[in-house]
Amino acid sequence: MKGLYYRITTSQDEEKFVFQENEPAASPSDYHVKLQVKACALTPINTKLVSALYQSKEHVPVGRDVAGVILEVGPKVSFFKPDDEVVGILPLDFVESGLCDVLWVHEHNLVHKPDKVGWVEAAGTIRDGLCVYTALHSLAHLAPGKSVLVPDGASPFGTLAIQLSHHTGATVITTAHSEEDKQYLEKIRPPVARVIDVSKGNVNLTEKGMEETGGLGFDIIVDAGVMLYNTEDSHTKPTLLPHKHEIISLLAVGSHWVTREQHLQLDPPDSNILFLKGASLSYLNEETWSLSSSQQGKYLHILYPSQ
């Protein structure tokens, strides 16, 4: 089987991505299924994390979000049978590329694909869906009646966060990074309470957010990154991200802030504001579930609560 791999240690003259041929292996255990891959999503590779966890690795498989049809099942597999259509996320230590035609995958890394969802859509949304559910339910404890701020709502992560918040009965306010994003967000049904256009760079997000919440702030804020310093180049897209001080100012009493900014640094005044508001800060790491075996039960509940 031919798969695509990323070479971690390369010189400038070497190709970073290489194709490798691997012989089809036998089933690793009685709990594995043989999967014929129909679609694979290409997601960014966290080379720093992989290098830190697996120092001896020279090549990292490309493509971990897969959808396909089950060809064979191990004798102890209980969730699936041959010809089932499934989708899942391959674990971080998986040795095969998701771009291979056939893979042996543990049953706990797969879930039944809904009949009305296509192969490409299933593989392309499962990771963001897992991240959004983790952020809103596992970390922020989303509940009906809560107010939620979703910056950059037109992104895949943002769109799913809006939909899941609406499904739970929350009030959602989001930001748009362009006129096209604004038009897209205004067409979402059920509609968001307010779309704040920040594309011009002259909008005071704190003022607009407080106006929409009656001066109370938001119960939940889920960001896909924040601007850490005011010295960043104002002509680059990162300036459209909310500043960390804006996020802190918009938090309500007893609120939750979930961030994907792994390099976030809080100064003592920032921590003091969070303390006075009784607010909590959580970091959203998409690899948390697969890296912690003690949390496997929660991970399985998120993937397939009905199975």
Side-chain angles (χ1 to χ4, degrees), residues 89 111 114 117 125-176 184-186 188-196 205-206 208-226 241-242 244 246-262 264 273-274 277-290 292 295-307:
I89 302 175
V111 59
V117 179
T125 57
I126 186 169
R127 181 176 295 271
D128 282 323
L130 174 66
C131 289
V132 167
Y133 188 97
T134 301
L136 292 176
H137 285 281
S138 301
L139 299 178
H141 309 295
L142 179 66
K146 297 287 187 179
S147 58
V148 182
L149 174 63
V150 182
D152 192 13
S155 66
F157 178 86
T159 299
L160 289 175
I162 291 172
Q163 293 175 337
L164 185 55
S165 298
H166 277 157
H167 179 73
T168 311
T171 300
V172 184
I173 294 175
T174 185
T175 64
Y184 165 76
L185 291 168
E186 289 175 343
I188 290 180
R189 294 294 179 270
V192 297
R194 175 76 180 274
V195 178
I196 303 175
L205 182 59
T206 303
K208 294 291 184 181
M210 283 300 183
E211 178 183 322
E212 291 297 326
T213 58
L216 298 177
F218 292 93
D219 299 310
I220 298 172
I221 299 179
V222 181
D223 71 64
V226 296
L241 297 174
K244 64 177 181 179
E246 291 180 311
I247 297 292
I248 294 173
S249 300
L250 286 169
L251 291 170
V253 173
S255 57
H256 300 276
W257 174 17
V258 182
T259 182
R260 300 180 81 175
E261 179 54 65
Q262 61 179 336
L264 178 67
I273 295 176
L274 292 175
K277 292 184 175 184
S280 66
L281 169 63
S282 300
Y283 290 88
L284 178 60
N285 176 9
E286 61 188 34
E287 303 294 351
T288 297
W289 298 117
S290 61
S292 177
Q295 301 295 321
Q296 186 71 15
K298 292 183 180 179
Y299 177 60
L300 296 179
H301 173 73
I302 295 173
L303 280 184
Y304 38 90
S306 61
Q307 294 188 21

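All values below were derived from every heavy atom in this structure, side-chain atoms included, with hydrogens, water molecules and symmetry-related copies excluded.
- Partners of Y283 by side-chain hydrogen bond (donor to acceptor under 3.5 Å, both in side chains), not counting sequence neighbours: none found.
- Between the T175 side chain and the D152 main chain, a donor and an acceptor come within less than 3.5 Å of each other.
- The backbone N or O of L284 lies less than 3.5 Å from no partner atom in the side chain of T288, so there is not a single donor-acceptor pair.
- For the atom pair CD1 of I220 and NE2 of H256, the computed distance is 6.5 Å after rounding to the nearest 0.5 Å.
- By the neighbour-count criterion of 12 heavy atoms within 6.0 Å, atom NZ of K146 is sparsely surrounded, having that number or fewer from other residues, nucleotides or ligands.
- Here A193 pairs with T171, I173 under the side-chain contact (heavy atoms from CB on, under 4.5 Å) rule; sequence neighbours left out.
- Every residue two or more places apart in sequence or in another chain that forms a ring-ring contact (aromatic ring centres under 6.0 Å, His included) with H137 is listed here: Y133.
- Across every non-hydrogen atom of V195 and V192, the tightest pair is CG2-CG2, 3.4 Å.
- Judged by distance alone, the side chain of T168 and the main-chain N or O of A170 form no donor-acceptor pair under 3.5 Å.
- Once rounded to the nearest 0.5 Å, the distance linking NZ of K244 with CG of D223 reads 12.5 Å.
- By the salt bridge (charged side-chain N to carboxylate O under 4.0 Å, His left out) test, E287 is found to be paired with R64, R127, residues two or more places apart in sequence or in another chain being considered.
- Shown here is K208, whose NZ atom has no more than 12 heavy atoms of other residues, nucleotides or ligands within 6.0 Å.
- In this structure, CG in L205 is found 11.0 Å from CG in L241, a value given to the nearest 0.5 Å.
- Distance CG/L130 to CD1/I302: 5.5 Å, rounded to 0.5 Å.
- Partners of F157 by ring-ring contact (aromatic ring centres under 6.0 Å, His included), not counting sequence neighbours: none found.
- Here the CD1-OG distance, from I221 to S255, works out to 6.5 Å after rounding to the nearest 0.5 Å.
- Distance check: N285 CG to T259 OG1 gives 12.0 Å after rounding to the nearest 0.5 Å.
- Annotation: side chain to side chain donor-acceptor pair (under 3.5 Å) contacts involving residues 210-219, sequence neighbours excluded, comprise S147-D219, R194-E212.
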